[in-house]
Protein chains: 2
Amino acid sequence: MSNSPATIEDVARIAEVSIATVSRAIHLPEKVAVSTRLKVAHAIALTGYTPNANARSLRLGKSNMILVVAPDIGDPNFSSILVGLENEARAHGYGVLIGHTQNDAQRGVEYLKFFSSNQAAGMILFTGILPFGHQTMTARLPPTVGVFEPVFNGGIPYVGVDDLEGARKAVELLIAEGHRRIAFIGDARNRLAYVRRRMGCEAGLDAAGIPEASRIVLDGDGTIESGRLAVDQLFLRDTLPTAFMCVNDQTAIGVMLGLTARGYDIPRDFSVTGFDDVPQAAFMQPGLTTIRQPRGLIGKHAMQLLLQLLSDTEPAQTEILLRPDVVVRNSVGPPRRL
Amino acid sequence: MSNSPATIEDVARIAEVSIATVSRAIHLPEKVAVSTRLKVAHAIALTGYTPNANARSLRLGKSNMILVVAPDIGDPNFSSILVGLENEARAHGYGVLIGHTQNDAQRGVEYLKFFSSNQAAGMILFTGILPFGHQTMTARLPPTVGVFEPVFNGGIPYVGVDDLEGARKAVELLIAEGHRRIAFIGDARNRLAYVRRRMGCEAGLDAAGIPEASRIVLDGDGTIESGRLAVDQLFLRDTLPTAFMCVNDQTAIGVMLGLTARGYDIPRDFSVTGFDDVPQAAFMQPGLTTIRQPRGLIGKHAMQLLLQLLSDTEPAQTEILLRPDVVVRNSVGPPRRL
DNA sequence: CTGTTAGCGCCTTCAT
DNA sequence: ATGAAGGCGCTAACAG
């Protein structure tokens with residue numbers, strides 16, 4: 001009909017009421033007589049009216065956007081969590097804005113503008129380190145929820161997977177298969193999630209009474225390449241493990257690649273486990289046995305937490321740890337008899 | 001300092017000028033005396049002022065957000081394009097909003113609200129089919145640019161890769177290795193990109209004078225599973241190809257998996273090519289030889305095109321086809337002598 | 001139950 | 001070169 005989008009005034013005119021009534025009919029319907037409510041509804045349908053979000057945000061001093069900040073959008077863990085986040089946000093009338101920092105504090109700071117300019121109401125953080133320079137660290141942060149791991153600076157609620165428990169399940173699997181000489185390929189980057197996975201590994205080893213002497217720990221940086229490298233380093237030593245427990249799937253994939261390149265068969269010669277259950281894990285040869293992060297759920301819970309924060313509801317819990325599941329595929333078998 | 005974010009008025013007061021001057025100092029600096037410009041700059045620095053985007057959008061009737069609509073955020077092709085889009089958008093003061101339709105027209109329609117509510121200025125479409133119900137098809141669309149493939153309804157500029165050329169390069173590679181009996185595993189879903197890849201394959205076959213009789217064409221749906229399935233179907237026939245040219249990497253991975261499961265060696269027994277150069281392709285065993293889409297570039301160009309549209313600049317071209325590159329890995333070799 | 005009205009912060013004529 | 005003032009569309013008192 002009209003050229004420019006309908007405003008609340010158009011609706012009011014057609015419904016023959018005031019704009020205040022239209023606004024109320026939308027947001028506080030119970031305070032409006034049923035008959036007028038109907039007239040308004042009709043007028044809205046007629047005009048195809050959608051409230052102008054900018055005017056609304058301006059008036060309310062509050063945006064309906066959530067900023068999702070991740071160091072790397074391409075991270076295979078990222079997208080399915082994003083789906084969970086987005087679904088939940090949309091269900092509550094929020095939109096999702098994305099930003100990737102590429103681990104660059106400068107870029108992180110720029111995203112802060114979304115808040116000072118009122119374009120976002122809250123933030124989901126995909127990293128344990130605040131992606132801002134130190135000068136801004138002191139400034140009051142917008143309502144924020146961490147994902148995967150607690151945010152370093154503390155005080156920020158987060159939802160993730162129980163890394164300790166998951167890692168423990170992984171070692172236990174290996175131990176149950178008969179492995180005694182297990183190498184943990186870790187991630188030297190200072191992230192609590194990784195530290196916890198290593199602790200879970202140690203805990204399992206302890207519980208099985210496996211002596212310190214037969215443990216091997218190597219640190220990479222969580223990339224496929226570093227997994228490959230770890231294999232190379234290990235082959236320089238005289239004592240090899242029978243199993244590799246890796247801090248994440250990327251590392252595990254690297255280990256598998258390195259092992260295969262040397263002509264070894266998995267799981268006949270070596271067993272390998274990962275952590276995350278990245279899509280790729282299922283399509284390795286053999287399939288990678290790993291620990292699944294319930295990504296959709298993580299996203300959903302994180303957004304729910306943030307929404308609670310935004311509505312001033314005291315969040316029920318400030319840390320949500322989801323239960324990790326073992327995904328058994330074919331990269332684990334009994335150790336080779338020497 | 002102050003509790004609520006600084007407004008233009010705070011800046012004006014400190015700089016001892018009117019708010020109009022502040023506004024001009026920001027947007028039309030050349031119309032402001034250098035001395036006052038400096039005073040304003042100083043006041044801005046002092047207050048940490050950031051213009052309220054909502055007020056600005058309201059006043060201007062224009063948002064500074066771009067909506068990116070994709071059927072599936074988890075698509076391995078998606079994220080690196082998103083990075084390209086986001087970088088370019090940010091460089092021009094735009095933010096990127098994401099939406100995924102999951103091929104559900106209903107959800108697509110809901111994203112249209114971002115425009116009627118003035119929350120987004122333009123749209124990037126990751127699908128060849130308008131993700132809206134037919135009733136809305138007639139409504140005027142916001143400035144839109146398609147990615148990957150032309151949007152079905154026509155009239156929408158797009159940027160993608162030259163599928164025809166890429167597919168042709170792939171067959172030529174196969175033919176150069178000596179293959180004569182090549183199966184094309186396509187995608188039955190009605191998407192121009194896929195049709196073009198098939199046409200490119202045919203063209204290469206034609207040019208090499210390979211008779212119709214020795215060609216095999218099978219259609220799947222672009223998933224790993226459908227690649228596997230294609231192998232099964234082919235083994236029911238009495239004549240097998242020596243090479244599989246797949247419409248995309250997912251399909252190729254499925255084919256490789258199916259072949260390997262049957263105990264065949266790639267590339268000794270069969271050669272396989274893909275299309276896209278999905279991250280996973282590099283880590284297959286053997287590495288998948290495929291055609292690379294320059295994803296970062298695609299994103300960048302698409303956003304540039306959209307930005308031109310938004311600034312009423314007549315776009316230089318309405319269709320940008322980027323050159324695809326062959327990525328040679330180890331899934332292609334000479335055909336086995338029978 | 002409904003209408004009137006005052007801004008939210010900003011940009012932009014129109015004066016000066 | 002600068003200032004005054006209207007209004008973008010909306011919501012939330014405040015009156016009736």
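Excluded from the calculations below are hydrogen atoms, water molecules and symmetry mates; all remaining heavy atoms, backbone and side chain alike, are included. Here is how names work: the chains are called A, B, and so on, in the same order as the sequence lines, proteins then strands, and each is numbered from 1.
At least one donor-acceptor pair under 3.5 Å links the side chain of Tyr111(A) to the backbone N or O of His100(A). Checked by atom type and distance alone, the side chain of Ser117(A) never pairs as donor or acceptor with a backbone atom of Asn52(B) at under 3.5 Å. Side-chain atoms of Asn87(B) do not come within 3.5 Å of backbone N or O of Gly84(B) as any donor-acceptor pair.
Within 4.0 Å (heavy atoms only), Thr36(A) reaches sugar-phosphate atoms of the nucleic acid but no base atom. In this structure, Ala33(A) reaches the sugar-phosphate backbone alone: every heavy-atom distance under 4.0 Å involves primed, P, OP1 or OP2 atoms, never a base. If you check every strand for non-hydrogen atoms under 4.0 Å, Ile8(B) touches sugar and phosphate atoms only.
Checked against dG9(D), dC14(D), dG3(D), the side chain of Thr7(A) finds its nearest nucleotide in dG9(D).
Counting to the nearest Å, the P atom of dG6(D) and the CG atom of Leu58(B) are 17 Å from each other. Rounding to whole angstrom units, CZ of residue Arg56(A) and P of dG7(C) are separated by 21 Å. Between the C1' atom of dG9(C) and the CG atom of Leu60(B) lies a distance of 12 Å, rounded to the nearest Å. One atom, CG of Leu38(B), and another, P of dA1(D), lie 15 Å apart when rounded to the nearest Å. Rounded to an integer number of Å, the gap from NZ of Lys31(A) to C1' of dC14(D) is 13 Å. Distance, Ile19(A) CD1 to dG7(D) P: 14 Å, rounded to whole Å. Summarising the geometry, the separation between CD on Gln119(B) and P on dG9(D) is reported as 15 Å, rounded to the nearest angstrom. Protein atom NZ of Lys62(B) is 24 Å distant from nucleotide atom P of dG9(C), rounded to whole Å.
Contact annotation: Thr21(B) reaches the phosphate of dG3(D) (side-chain N/O to OP1 or OP2, under 4.0 Å).
Considering CZ of Arg37(B) and CG of Leu28(B), their distance stands at 10.5 Å, rounded to 0.5 Å.
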